[in-house]
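Report on one structure; see the data block that follows.
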Amino acid sequence: MDTVRYYDIRHVRGSATHVDIDNGVVESAGTSFYDHAVVRVLGPKGWGILTMENLDPAALPEPLVREALSLALITDDPVDLADAPRGILPLPGVGEDPLDVSLEEKTALLAGIEEAAHLPEIVNTRARYAESIEEVRFCDSSGIEYTYAIPRCGFSVLAVAARNGEMQMGRESHYTIRGLNLRHRQDLGERAAQTAIALLDARAAKGGRMRAVLDPELAGVFAHEAVGHASEGDLIREGNSVLAGRTGEAIGSQVLTIVDDPSLPEFGFEPVDAEGVAVSRTELIRAGRVNAFMHTRQTLAAVGNGAAGHARASAGDQPLVRMSNTYIEEGDSSYDEILAECRSGILLKGSRGGQVDPGRGVFQFNAEYGYIIEDGEIGQMVRDVSLSGDILSTLHAITLVGDDRRMHEGYCGKGGQSVPVSDGSPHIFLEDAMVGGNGSD
């Protein structure tokens, strides 16, 4: 096996538990188990990749490496790996271990949250609990070996309100790496219902160019979708990012710094990346300038400018460049100062998803709802509102950054894989924003 330049084995064993309650009825609940391993061998040119189930942890690596090498020998795409620091972080503390609570009790606790959403005018509710407990074992040809186990769990609750043929929706969720989070959370069920009911009285927003304030959730989605994806090393290498070739260039306000940090103990936390590389904070945008990109060892060797430690992989899949905890760093403006600076405009709150094209540099995100801002004060609630535009113009339009950052959790899909992430921001002020809406004065 003289032609093996490098190999690694990533073995993940785990369980996935779910509960789904629809309008008071438990539609499904259960636990499944999985055991996946991926062997990567770097031959004379490129990768040979072997995937398998139920790998014996005591099995010697040589036969697996030999088999993966036979696959590598037929590849013609040349691959090089950059050197990167190794190391693993201690795991954050866990409160109540989800494994100590029965599925019956978890179902009852989720039912209590769903029941709290049954307010007058609510016609449908849905609550879901998701839990994964994974044990990860990693070793490579340099002698590095890591083992760790991490729980991730959380829930979402949705409420639909109806009146005179009009229907509106409210949604809340919370996911964590800190242990079971289902106890005493009825407030989120009630809040989802209150949002849906309040939206029945909201008018449709009027679209156009205007001053806008984004709340931490929507601004965090903007940081993740519009800037984070455009800073991934594989997209940079493919020329599919509006940020490619702009290192050092001022693309936004000096008050703006955007970070991805897998070491932050939020939902996207990783103690070590999927290539055994030590994780650390990477400033993607520093003081308005393109600073660094996120990389695997392969994309760092191919592209440069940035840091490895951003390889992530679902169980049984090969590593990709992925975000973890992505956020806009705090500024020095208070929420009241931001509203006062806005004077007349709109406050956009929450996120209902959207689309981004990092290659063309354009995006469109739907807010959950908003409020008209008049004379620096919060006014009438509005619905059916969105934010769109091109990434670079929007970054330049951010002129104030608040001091009240909050993080939100979710999952990010890429290349057929889904990984846990969090994103966040303080309130931010955009001097000029393209707001979507079909309402009228």
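All residue numbers refer to positions in the sequence shown, counting from 1.
In terms of heavy-atom proximity, A159 sits nearest to A117 at CB-CB, 4.3 Å. In terms of heavy atoms, L320 sits closest to G415 at CD1-CA, 4.3 Å.
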Working note: K414 + D234, criterion side chain to side chain contact (heavy atoms under 4.5 Å, CB included); need CA distance, chi angles, decisive distance, verdict.
CA-CA 12 Å; K414 179 181 176 181; D234 51 351; 2.8 Å; yes

Mind running side chain to side chain contact (heavy atoms under 4.5 Å, CB included) on C412 and H229 for me, showing each step along the way?
CA-CA 10 Å; C412 175; H229 280 300; 3.7 Å; yes

Steps toward side chain to side chain contact (heavy atoms under 4.5 Å, CB included) verdict (V435, V385):
CA-CA 7 Å; V435 175; V385 62; 3.6 Å; yes

Can you check side chain to side chain contact (heavy atoms under 4.5 Å, CB included) on Y146 and V136, steps first, answer last?
CA-CA 8 Å; Y146 299 121; V136 180; over 6 Å; no

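Using a 4.0 Å cut-off between charged nitrogen and carboxylate oxygen, R86 and D140 count as a salt-bridge pair. In summary, R211 and E341 do not engage in a salt bridge, as defined by a charged side-chain N under 4.0 Å from a carboxylate O. By the 4.0 Å N-to-carboxylate-O rule, E135 lies too far from R137 to be salt-bridged with it. Under a 4.0 Å N-O distance rule, the pair R322/E270 does not qualify as a salt bridge.
Considering only residues two or more places apart in sequence or on other chains, S173 meets the side chain to side chain contact (heavy atoms under 4.5 Å, CB included) condition with S156, R171, Y175. With sequence neighbours left out, E217 forms a side chain to side chain contact (heavy atoms under 4.5 Å, CB included) with D215, S351, H408. Under the side chain to side chain contact (heavy atoms under 4.5 Å, CB included) criterion, L158 pairs with V160, M169, not counting sequence neighbours. Residues satisfying the side chain to side chain contact (heavy atoms under 4.5 Å, CB included) criterion with A307, sequence neighbours excluded, are T282. Not a single ring pair (Phe, Tyr, Trp, His ring centres under 6.0 Å) links F138 to another residue, sequence neighbours left out. Under the rule for a salt bridge (charged side-chain N to carboxylate O under 4.0 Å, His left out), E337 has no partner lying at least two apart in sequence or in another chain. Shown here are the salt bridge (charged side-chain N to carboxylate O under 4.0 Å, His left out) partners of D201, two or more places apart in sequence or in another chain: R163.
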Give every donor-acceptor pair under 3.5 Å between a side-chain atom in residues 88-97 and any protein atom, sequence neighbours left out.
unit_1	atom_1	unit_2	atom_2	d
E96	OE1	R183	NE	2.8
E96	OE2	R183	NE	3.3
E96	OE2	R183	NH2	2.8
D97	OD1	L99	N	2.9

Donor-acceptor pairs under 3.5 angstrom involving side-chain atoms of residues 357-364: please list them, not counting sequence neighbours.
unit_1	atom_1	unit_2	atom_2	d
D357	OD1	G359	N	3.0
D357	OD1	R360	N	3.1
Q364	NE2	N366	OD1	2.8

Check residues 191-200 and write down every donor-acceptor pair under 3.5 Å in which the side-chain atom is one partner and the other belongs to a residue at least two apart or another chain.
unit_1	atom_1	unit_2	atom_2	d
Q194	NE2	E190	OE2	3.3
T195	OG1	R191	O	3.1

Show me the side-chain donor-acceptor pairs of residues 27-34 shorter than 3.5 Å, one per line, residues at least two apart or across chains.
unit_1	atom_1	unit_2	atom_2	d
E27	OE1	R126	NH2	3.4
S28	OG	H18	NE2	3.0
T31	OG1	T17	OG1	2.8
Y34	OH	E134	OE2	2.8

Side chains of residues 374-383: which donor-acceptor partners sit under 3.5 Å, not counting sequence neighbours?
unit_1	atom_1	unit_2	atom_2	d
Q380	OE1	R203	NE	2.9
R383	NE	A202	O	3.1

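Surrounding CG of D332 are at most 12 heavy atoms belonging to other residues, nucleotides or ligands under 6.0 Å away. Heavy-atom neighbours of E121 CD from other residues, nucleotides or ligands within 6.0 Å: above the threshold of 12. Annotation: Q254, atom CD; neighbour count of heavy atoms from other residues, nucleotides and ligands within 6.0 Å does not exceed 12.
S102 places a side-chain N or O within 3.5 Å of a backbone atom of E105 that can act as its donor or acceptor partner. A donor-acceptor pair under 3.5 Å is absent between the side-chain atoms of T257 and the main chain of R286, judged by distance alone. Judged by distance alone, with hydrogens and angles left aside, the side-chain atoms of D432 form no donor-acceptor pair with the main-chain N or O of A397 at under 3.5 Å. Between the side chain of T326 and the main chain of D423, no donor-acceptor pair closer than 3.5 Å is present. Within the 3.5 Å criterion, the main-chain N or O of P98 finds a donor-acceptor partner in the side chain of K106. Looking at E114, its side chain does come within 3.5 Å of a backbone N or O of G24 through a donor-acceptor pair.
Geometrically, R297 engages Y6 in a cation-pi contact defined by less than 6.0 Å to the ring centre and at most 45° from the axis.
How far CG of L348 is from CD1 of I373: 8.5 Å, rounded to the nearest 0.5 Å. I21 contributes atom CD1, which lies 6.5 Å from atom OG1 of T107 (distance to the nearest 0.5 angstrom). Between atom CD1 of residue I398 and atom CG of residue L256 there is a gap of 5.0 Å, rounded to the nearest 0.5 Å. Between L339 atom CG and Y371 atom OH the span is 12.5 Å, to the nearest 0.5 Å.
No side-chain donor from either of Q318 and W47 sits under 3.5 Å from a side-chain acceptor of the other. Side-chain contact, H11 with D35: a donor N or O sits under 3.5 Å from an acceptor N or O. Using modelled atom types, one finds a donor on one side chain and an acceptor on the other under 3.5 Å when comparing T247 with N305. No donor-acceptor contact under 3.5 angstrom links the side chains of N325 and Y327, judged on distance only.
The side-chain heavy atoms of R185 and V157, taken from C-beta on, include no pair separated by under 4.5 Å.
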